[in-house]
Amino acid sequence: MSRSRRTRAVVIAPAALLVLGACVEQGGAGRPAGGPGAAASKARGAESVADFLHRVLPSGASGTVIAARGDDLAYCGGFGEADRASGTPASCRTVYDVMSITKQFTAAAILKLEAMGRLRLSDRISRFLGPVPEGKRDITIDQLLTHTSGLVEAVGDDYRPVSRDELVRQALASKPRSAPGEAFHYSNTGYSLLAVIVEEASGEGYEPFLAGHLFAPAGMEQTGYVLPRWPRNLVAVEYDSEGRSQGRPFDHPWAADGPYWHLRGNGGMLSTAEDMFRWHRALSDDRVLPERARRKLFAPRVRVPELGDSYGYGWAVRETPDGRSVWHNGGNDWSLAYLTRSLRDGVLVFWVSNHAHQDGKWNLEEKAEELTQGIADRVRAEDRRQPGPNTR
């Protein structure tokens with residue numbers, strides 16, 4: 001479910017969803033680096049993840065890749081540059097806009113509040129948003145989470161200055177696309193309303209609640225809108241399809257506490273590959289959400305006609321012969337990110353690019369499946385080559 005700042009979100013086909021692996025290293029400019037596992041693979045005649053990425057990634061693209069199985073980090077490497085003007089290479093510690101992947105944080109916050117007894121997913125939105133006009137009175141929190149509220153995709157540009165109250169007013173005044181619960185319509189507006197509900201139900205700001213109840217327990221110190229206070233040089237510059245700098249995410253119009261409300265809650269979160277690995281680990285145990293809440297997060301709830309997959313709460317869900325996999329992507333006019341997890345074997349792959357398109361030459365969106373599946377194949381093959389326990 002990538003989004004564009006001009007054309008807004010569009011549903012696109014998912015990348016392959018299964019990876020597992022063996023080698024770890026942080027990359028530099030131009031070429032992803034491989035660790036000892038990569039060298040061992042080469043010695044055995046097999047292509048490593050690093051060599052695969054070096055072969056497949058187009059010249060000029062930049063970003064970071066991370067893969068893991070359960071708690072075991074399999075590979076991490078940067079490619080290209082996070083900032084071309086300074087020559088700063090992309091790395092595992094580079095901070096990127098993860099775009100619509102933000103939705104899973106919002107969904108997890110809602111489930112955390114349910115576990116705390118502050119709300120029910122069956123609650124109508126009027127409990128938290130005040131008077132709701134006829135035609136929207138039956139919208140529930142569950143429907144916002146699953147994009148079945150009937151709300152429009154967006155009510156304004158991502159960077160247009162708009163307050164929380166104005167966002168609510170615009171959303172409630174918008175013409176519905178369908179009756180509540182009737183159909184899936186991807187809605188960034190709905191996830192911004194969920195961020196409002198997080199604030200109303202918790203009595204805290206949206207980002208402070210996530211920081212205290214999700215990110216801190218997960219050990220994610222580099223994820224947020226403004227609270228991490230990153231050194232500027234750690235944050236990736238984004239580049240458009242002609243290779244022109246579009247600055248860093250917060251160089252666009254932002255409020256003092258993060259993006260304005262057309263983007264807040266549905267996108268714009270900044271994070272690193274390392275923190276996305278920490279998020280993956282936290283979703284494997286009770287440190288962020290109890291097991292019952294995690295089952296709700298990943299349960300298929302509504303079919304997405306364009307994909308053939310289902311949508312859960314902030315995640316797309318795919319049933320495969322090898323078990324359930326969950327994924328989400330994010331995109332804008334400049335960047336692209338994919339996060340996929342296999343629930344059967346705890347496998348993760350996350351990749352993000354701050355320059356995802358080059359006019360007339362390449363588009364990482366078109367390479368998404370090849371990239372993800374290629375990483376999967378090579379890390380899985382490396383895992384199979386590792387010697388088993390000595391039983392003698």
Side-chain angles (χ1 to χ4, degrees), residues 2-7 10 12-13 15-16 19 25-34 38 47-67 75-101 232-252 270-274 276 329-340 349-378:
S2 65
R3 61 184 294 137
S4 165
R5 291 188 172 96
R6 291 194 301 264
T7 61
V10 292
I12 61 175
V19 291
E25 189 60 39
Q26 186 167 308
R31 175 186 176 90
E47 185 179 46
S48 67
V49 172
D51 286 343
F52 166 74
L53 293 172
H54 181 64
R55 176 172 60 82
V56 171
L57 288 169
S59 176
S62 50
T64 298
V65 175
I66 195 165
Y75 172 87
C76 196
F79 57 96
E81 294 175 318
D83 182 352
R84 295 173 185 170
S86 66
T88 303
S91 78
C92 296
R93 295 182 176 86
T94 300
V95 178
Y96 298 92
D97 182 351
V98 299
M99 299 160 283
S100 282
I101 291 172
R232 184 176 175 84
N233 67 300
L234 283 184
V235 182
V237 175
E238 296 182 300
Y239 297 91
D240 68 16
S241 60
E242 296 182 7
R244 298 172 302 196
S245 170
Q246 299 300 312
R248 294 170 169 87
F250 43 63
D251 291 336
H252 303 282
L270 306 184
S271 190
T272 66
E274 292 176 338
M276 297 309 292
N329 61 13
N332 55 38
D333 289 340
W334 317 308
S335 296
L336 184 67
Y338 270 81
L339 175 65
T340 66
V349 62
F350 170 74
W351 58 265
V352 57
S353 172
N354 60 322
H355 184 203
H357 317 90
Q358 183 69 47
D359 280 347
K361 294 183 178 180
W362 48 264
N363 185 340
L364 291 186
E365 191 170 299
E366 297 172 353
K367 286 182 168 288
E369 185 167 355
E370 179 186 5
L371 281 171
T372 309
Q373 187 62 58
I375 295 166
D377 292 344
R378 282 148 188 84

Practice problem: Check whether any side-chain N or O of Trp334 sits under 3.5 Å from a backbone N or O of Arg244 as a donor-acceptor pair, and report yes or no. | Solution: no
Quiz item: How far does OG1 of Thr340 sit from CD of Gln373, to the nearest 0.5 angstrom?
Solution: 9.5 Å
Quiz item: Under a 4.5 Å cut-off applied to non-hydrogen side-chain atoms, are Ser335 and Met99 in contact?
Solution: yes
Quiz item: Do Cys92 and Ile66 come within less than 4.5 Å of each other through their side chains, counting heavy atoms only?
Solution: no
Self-check item: Results of side chain to side chain contact (heavy atoms under 4.5 Å, CB included) for Glu366 - residues two or more places apart only
Solution: Asn363
Practice problem: Evaluate the side-chain proximity of Leu371 to Leu57: yes if any heavy-atom separation is below 4.5 Å, no if none is. | Solution: yes
Practice problem: Would you name the heavy atoms of Val65 and Trp351 that are closest together and state the gap between them? | Solution: CG2-CB, 3.8 Å
Quiz prompt | Sub-4.5 Å side-chain heavy-atom contact between Asp251 and Arg232 | solution = yes
Self-check item: Interatomic distance, Asn329 atom CG to Leu339 atom CG [nearest 0.5 angstrom]
Solution: 10.0 Å
Exercise. Return yes if some donor-acceptor pair links the side-chain N/O of Thr64 with the main-chain N/O of Ser91 below 3.5 Å, else return no.
Key: yes
Self-check item: Atom of Ser86, atom of Thr88 and distance for their closest heavy-atom approach
Solution: OG-OG1, 2.6 Å
Quiz prompt | Heavy-atom pair of closest approach, residues Phe52 and Glu370 | solution = CZ-O, 3.5 Å
Exercise. Calculate, to the nearest 0.5 Å, the distance between atoms CZ and OG1 belonging to Arg93 and Thr272 respectively.
Key: 9.0 Å
Exercise. Output yes when a side-chain donor or acceptor of His54 lies under 3.5 Å from a complementary backbone atom of Phe79, and no otherwise.
Key: no
Quiz item: What heavy-atom pair brings Trp362 and Ser59 nearest, and what distance separates the two atoms?
Solution: NE1-O, 3.2 Å
Self-check item: Residues Glu238, Asn332; criterion side chain to side chain contact (heavy atoms under 4.5 Å, CB included); working and verdict
Solution: CA-CA 10 Å; Glu238 296 182 300; Asn332 55 38; 3.4 Å; yes
Practice problem: Of all the heavy-atom pairs spanning Pro58 and Leu364, show the shortest one and how long it is. | Solution: CD-CD2, 3.8 Å
Quiz item: Do the side chains of Ile101 and Met276 get nearer than 4.5 Å, heavy atoms only?
Solution: yes
Quiz prompt | Residue pair Leu53, Ile375: steps toward the side chain to side chain contact (heavy atoms under 4.5 Å, CB included) verdict | solution = CA-CA 8 Å; Leu53 293 172; Ile375 295 166; 4.2 Å; yes
Exercise. Examine distances only and state if a side-chain atom of His355 and a backbone atom of His357 form a donor-acceptor pair shorter than 3.5 Å.
Key: yes
Practice problem: Check whether any side-chain N or O of Ser241 sits under 3.5 Å from a backbone N or O of Gln358 as a donor-acceptor pair, and report yes or no. | Solution: no
Quiz item: Is Val349 close to Tyr338 at the side-chain level, that is, under 4.5 Å between some pair of heavy atoms?
Solution: no
Quiz item: Of Asp83, Asn354, Asp97, which is the lone residue that meets side chain to side chain donor-acceptor pair (under 3.5 Å) with Arg248?
Solution: Asp83
Self-check item: Interatomic spacing from CG in Asp333 to CG in Asp240 - rounded to 0.5 Å
Solution: 8.5 Å
Quiz item: Between Tyr239 and Arg84, what is the shortest heavy-atom contact and its length?
Solution: OH-N, 2.8 Å
